[in-house]
Number of protein chains: 4
Amino acid sequence: MKQSTTVPGRPRDPDLSGRILTAALEEYARTGWGSFTMQGVAKRAGVGKSALYLRWSTKEQLLVDSIEAVSLPLTADIDTGHLRSDLTETASGLFRYFLDPIGWASLRIAVDVAVEFAELDPFQERIVEALREAVTVIFTRAIDRGEIPSDRPLRPLVEVLFGAILMHALALPPAERAEAMTNVETHVAPLVDVVYRAATGD
Amino acid sequence: MKQSTTVPGRPRDPDLSGRILTAALEEYARTGWGSFTMQGVAKRAGVGKSALYLRWSTKEQLLVDSIEAVSLPLTADIDTGHLRSDLTETASGLFRYFLDPIGWASLRIAVDVAVEFAELDPFQERIVEALREAVTVIFTRAIDRGEIPSDRPLRPLVEVLFGAILMHALALPPAERAEAMTNVETHVAPLVDVVYRAATGD
Amino acid sequence: MKQSTTVPGRPRDPDLSGRILTAALEEYARTGWGSFTMQGVAKRAGVGKSALYLRWSTKEQLLVDSIEAVSLPLTADIDTGHLRSDLTETASGLFRYFLDPIGWASLRIAVDVAVEFAELDPFQERIVEALREAVTVIFTRAIDRGEIPSDRPLRPLVEVLFGAILMHALALPPAERAEAMTNVETHVAPLVDVVYRAATGD
Amino acid sequence: MKQSTTVPGRPRDPDLSGRILTAALEEYARTGWGSFTMQGVAKRAGVGKSALYLRWSTKEQLLVDSIEAVSLPLTADIDTGHLRSDLTETASGLFRYFLDPIGWASLRIAVDVAVEFAELDPFQERIVEALREAVTVIFTRAIDRGEIPSDRPLRPLVEVLFGAILMHALALPPAERAEAMTNVETHVAPLVDVVYRAATGD
DNA sequence: TATTAAACGAGACGGTACGTCGCGTCTTCTT
DNA sequence: AAGAAGACGCGACGTACCGTCTCGTTTAATA
């Protein structure tokens with residue numbers, strides 16, 4: 001009793017999508033958006049352009065999908081038992097992510113998407129939402145533990161935490177990015193302090 | 001004894017730079033980065049491409065300069081006499097700026113610049129620094145008034161404020177941007193609350 | 001046992017070359033070399049520039065190929081049974097060819113080619129040789145008929161005939177070209193006389 | 001009684017025209033018409049573009065004038081006392097002229113001029129006419145000496161002589177041009193033969 | 001001697017074409 | 001039908017010259 005839902009013709013090569021996504025990230029990492037070309041990705045993946053366009057219709061969508069795979073690991077559950085260390089760990093992960101070219105790319109695309117590609121908002125939903133939820137969980141647990149008042153609105157706290165890290169990365173002169181990578185805690189601590197104080201009321 | 005420090009040849013038309021910068025912003029506002037072309041800017045400004053390339057060698061540099069003029073007004077001095085209202089006003093201005101396509105463009109360029117164009121860091125220095133300083137002044141006055149402890153490190157507070165607004169704008173679904181423009185205070189208040197609380201210790 | 005010598009990829013559109021060559025001649029005829037542009041040819045042919053550059057890498061090569069098609073008809077076999085009338089007919093054809101802008105173009109290109117584009121000498125070989133051979137045949141037949149001595153070196157005679165016509169066309173003031181077109185025989189006769197006399201020894 | 005037709009203002013530098021004409025020929029000889037640019041000429045002559053455009057309004061006119069200076073020496077009077085040697089000497093001079101890039105340029109320009117620049121026909125008149133006249137003189141003297149019949153029409157003979165040399169140079173493969181320069185007589189003799197036979201009736 | 005007006009260098013300017021490159025679509029053959 | 005290969009129409013890229021135009025400076029004749 002074969003439940004055959006097969007379509008006629010040659011089936012899609014299941015490897016290809018992965019190879020293309022990897023190639024896309026590599027191309028992007030090489031010299032940035034400026035030299036991120038569909039032909040380049042195809043050539044690096046050892047694939048024809050048709051294989052790309054059968055799956056993604058624009059460069060943006062391809063890059064969004066490439067980046068999603070790298071982003072989602074960020075949402076890994078963090079639970080150290082204390083709010084401050086949870087925040088520190090989350091913030092450190094986020095900061096490291098923004099220091100990495102690929103992570104930075106995801107930000108850049110979010111920025112592009114926000115104005116120009118309303119139709120692409122999967123990015124907003126999938127990535128931003130996933131991150132937001134992961135942090136919300138941390139605060140919820142802090143409420144349960146009585147570390148912060150139960151009526152504290154959480155969403156602003158989440159935005160402030162993310163925003164602080166993002167802004168810090170953004171304001172970081174390019175020359176100092178390398179150094180920051182090895183001193184994540186030092187960069188993150190003052191910002192976590194601010195958020196922690198605001199959350200707990202000192 | 002004529003102290004003539006003139007360069008030979010016809011001098012550059014002093015009007016042109018302005019016309020080009022304006023045209024660049026208009027082109028950008030029209031359909032975003034994707035359709036921001038040097039030829040388009042030249043045509044809109046009623047100018048040959050040579051006039052553009054004599055002054056700016058890349059699209060990015062041209063757009064950075066275009067945006068600077070629009071960004072600097074943000075640094076206008078704000079002094080209402082109270083920290084909370086100073087913060088609210090600053091945050092509102094910033095939020096409005098990010099809701100506007102031009103303001104958003106500046107962010108996008110900052111993001112591009114941060115990784116790829118180390119040589120462009122005038123943007124970092126000129127704009128980011130100017131903004132940071134403007135907000136630092138606000139906190140300094142609050143210290144003078146005794147609203148916040150004098151040993152409070154200010155830089156994290158500034159980054160947190162900016163970041164919060166930025167992140168809020170970033171997380172805003174495209175569809176809601178129009179609405180937000182008319183309800184700036186509502187969006188800004190919870191974030192200012194967080195920062196204010198962190199600054200003053202409630 | 002399929003002897004498949006196919007190249008991969010989409011084959012070149014076999015129509016295009018023809019359409020482009022035609023468009024090139026039309027563009028050239030319109031206002032001459034000065035306004036013979038690749039973009040103009042592409043537009044007239046309803047074709048992208050890529051299609052041109054895939055086939056010809058310089059304007060000269062494109063024009064040479066365009067002209068070859070028009071030139072070769074000149075080599076049509078002429079055999080009236082008498083040397084003088086053979087010469088007259090050949091000379092008339094040549095003269096008409098030089099009076100036409102397209103024919104004139106071929107001369108101009110030959111002149112360009114002769115010094116600058118050694119690598120283009122297909123033109124020399126293909127066109128000049130073809131013409132020379134066609135006239136040589138005429139003299140050979142005249143030898144067979146006993147009209148001219150069998151030891152007469154033919155190559156100078158051919159060059160003299162061609163050169164005479166060419167020089168006559170060249171020396172013709174532009175204003176008189178139109179008139180000449182309707183009186184070809186009158187212009188040609190004295191020159192043929194000279195060649196005929198030199199060939200036969202009166 | 002000073003017949004002063006001076007205009008006010010700084011008089012034109014009498015050297016400049018010469019320097020420009022020389023520079024123009026050098027530029028032309030360098031890589032041909034394709035890279036013959038007004039700016040290049042100006043730079044080579046150490047002169048501003050204005051000096052060029054004050055004297056010549058188009059590239060063609062400038063090149064025509066440059067060439068005229070080199071061409072006119074051709075018209076030097078030749079009188080050896082015998083038709084055949086007069087013809088040989090004239091033909092040799094002409095052939096050498098056509099083997100030289102500069103001489104060849106004059107031909108190319110004549111070809112351009114003939115169709116497109118009716119207004120430029122000074123070239124036709126000045127150069128072609130001057131040459132024609134110089135050769136006509138040779139034939140006239142031959143008539144005086146009784147070498148050729150007095151009713152012989154001369155103009156076709158002149159055209160045939162010129163044309164033969166021109167055609168021979170044109171048909172010469174680029175690779176053989178260098179060799180020809182050292183064996184002018186060998187190349188010229190058979191063509192002179194033809195013309196001489198036609199003129200004298202053997 | 002001082003004035004004056006053209007010549008002159010330099011180079012900015014609005015254009016146009018260059019030859020290249022990438023887009024996204026298409027057409028062919030192969031798997 | 002999927003897929004590799006690559007032709008195709010399109011249009012922007014950044015460069016090079018065009019011929020015109022403004023500058024400041026130079027140069028002789030004139031006033």
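Just so you know, these numbers use all the heavy atoms, side chains as well, and skip hydrogens, waters and symmetry mates. Lettering follows sequence order; numbering is per chain, from 1.
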Next item on the list: Specify the residue among P11(D) and Q39(D) whose closest nucleotide of DNA chain F lies further upstream toward the 5′ end.
Entry: Q39(D)
Margin query: Pick the closest DNA chain F nucleotide for G9(C) and for F36(B) by heavy atoms, then say which residue is nearer the 5' end.
Written below: G9(C)
Item checked: V47(A), nearest nucleotide to its side chain (from dA4(F), dG22(E), dG9(E)) -> dA4(F)
Item checked: Length of the CD1-C1' vector between I20(B) and dA12(E), whole Å -> 12 Å
Next item on the list: Compare every heavy atom of S17(A) with every heavy atom of R55(A), then report the nearest pair and how far apart it is.
Entry: NE-OG, 2.9 Å
Margin query: Rounded to whole Å, please give me the gap between CH2 in W56(B) and P in dG14(F).
Written below: 15 Å
Item checked: Among dC18(E), dC8(F), dC23(E), the nucleotide that comes nearest once only the side chain of D13(C) is considered -> dC8(F)
Note to self: Using the rule salt bridge (charged side-chain N to carboxylate O under 4.0 Å, His left out), only one of R44(D), K43(D), R19(D) pairs with E26(D); which is it?
What the structure shows: R44(D)
Notebook entry, point to check: Tell me: CD of E27(D) to C1' of dC18(F), nearest whole Å?
Noted result: 16 Å
Margin query: Output the rounded distance in Å from CG (D15(A)) to C1' (dT31(E)).
Written below: 16 Å
Next item on the list: Determine, stepwise, if the pair L63(C) / T58(C) fulfils side-chain contact (heavy atoms from CB on, under 4.5 Å).
Entry: CA-CA 9 Å; L63(C) 201 44; T58(C) 68; over 6 Å; no
Next item on the list: Kindly say whether, by distance alone, the side chain of S50(C) makes a donor-acceptor pair under 3.5 Å with the base of dG9(F)?
Entry: yes
Notebook entry, point to check: Under 4.0 Å between a side-chain N or O of R10(D) and OP1 or OP2 of dT3(E)?
Noted result: no
Checklist line | Selected nucleotide, minimal atom distance to P8(B) side chain, candidates dA12(F), dG11(E), dG3(F) | finding: dG11(E)
Item checked: dC8(E) OP1/OP2 closer than 4.0 Å to side-chain N/O of R19(D) -> no
Check: Between atom CE in M38(D) and atom P in dG19(F), what is the gap in whole Å?
Finding: 6 Å
Next item on the list: Would you kindly give the CG-to-P distance between L62(B) and dA12(F), to the nearest whole Å?
Entry: 16 Å
Checklist line | Phosphate OP1/OP2 of dT31(E) contacted by R12(A) side-chain N/O (<4.0 Å) | finding: no
Item checked: Side chain of L54(C) (C-beta onward), nearest among dT20(F), dC8(F), dG19(E) -> dC8(F)
Notebook entry, point to check: Which nucleotide in the set dA5(E), dC13(F), dG19(F) lies at the smallest distance from any side-chain heavy atom of Y53(D)?
Noted result: dG19(F)
Checklist line | Heavy-atom donor-acceptor pair, K49(D) side-chain to dG19(F) base, under 3.5 Å | finding: yes
Next item on the list: In whole angstrom, give the distance that lies between atom CD of E60(B) and atom C1' of dA12(F).
Entry: 14 Å
